[in-house]
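No hydrogens, no waters, no symmetry mates; every other heavy atom, side chains included, goes into these values. Nothing fancy with the numbering, it's 1 onward along the sequence.
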Amino acid sequence: MLTINVGALLAVIVILRLRRRTHSRSRNDEKLTVVIVLALGVVIAPTPVGEGILDFLGQLASGITDSSR
């Protein structure tokens, strides 16, 4: 039986949608892309990869705020 990882599928869909030219997109097309990206974020967030991304972004933000002092 073939199984498909939902996160991987959503990532492929996002990449394919973002490769299109910007001026050829309608407002509804852009809204659909935003919804798909949000769904990808919800799917990835509880995984170890999502937690790693969150930790990395937290350290990056902390480094930026510390360097501005």
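No continuous path of ILVMFWY side-chain contacts below 4.5 Å connects Val43 to Leu54, so the two sit in separate hydrophobic clusters. Two different hydrophobic clusters hold Leu10 and Val42 under the rule that ILVMFWY side chains link at heavy-atom gaps under 4.5 Å. Hydrophobic cluster membership differs between Ile53 and Leu38, with clusters built from Ile, Leu, Val, Met, Phe, Trp and Tyr side chains linked at under 4.5 angstrom. Side-chain heavy atoms closer than 4.5 Å link hydrophobic residues (I, L, V, M, F, W, Y) into clusters, and following such links, possibly through other members, connects Leu32 to Val14. Under the 4.5 Å side-chain heavy-atom criterion for grouping Ile, Leu, Val, Met, Phe, Trp and Tyr, Leu9 is not connected to Leu16 through any hydrophobic cluster.
Note: Asn28 CG to Thr33 OG1 = 10.5 Å, rounded to the nearest 0.5 Å.
A donor-acceptor contact shorter than 3.5 Å links the side chain of Thr65 to the backbone of Ala61.
Using a 4.5 Å heavy-atom threshold, the side chains of Val34 and Glu30 count as separate.
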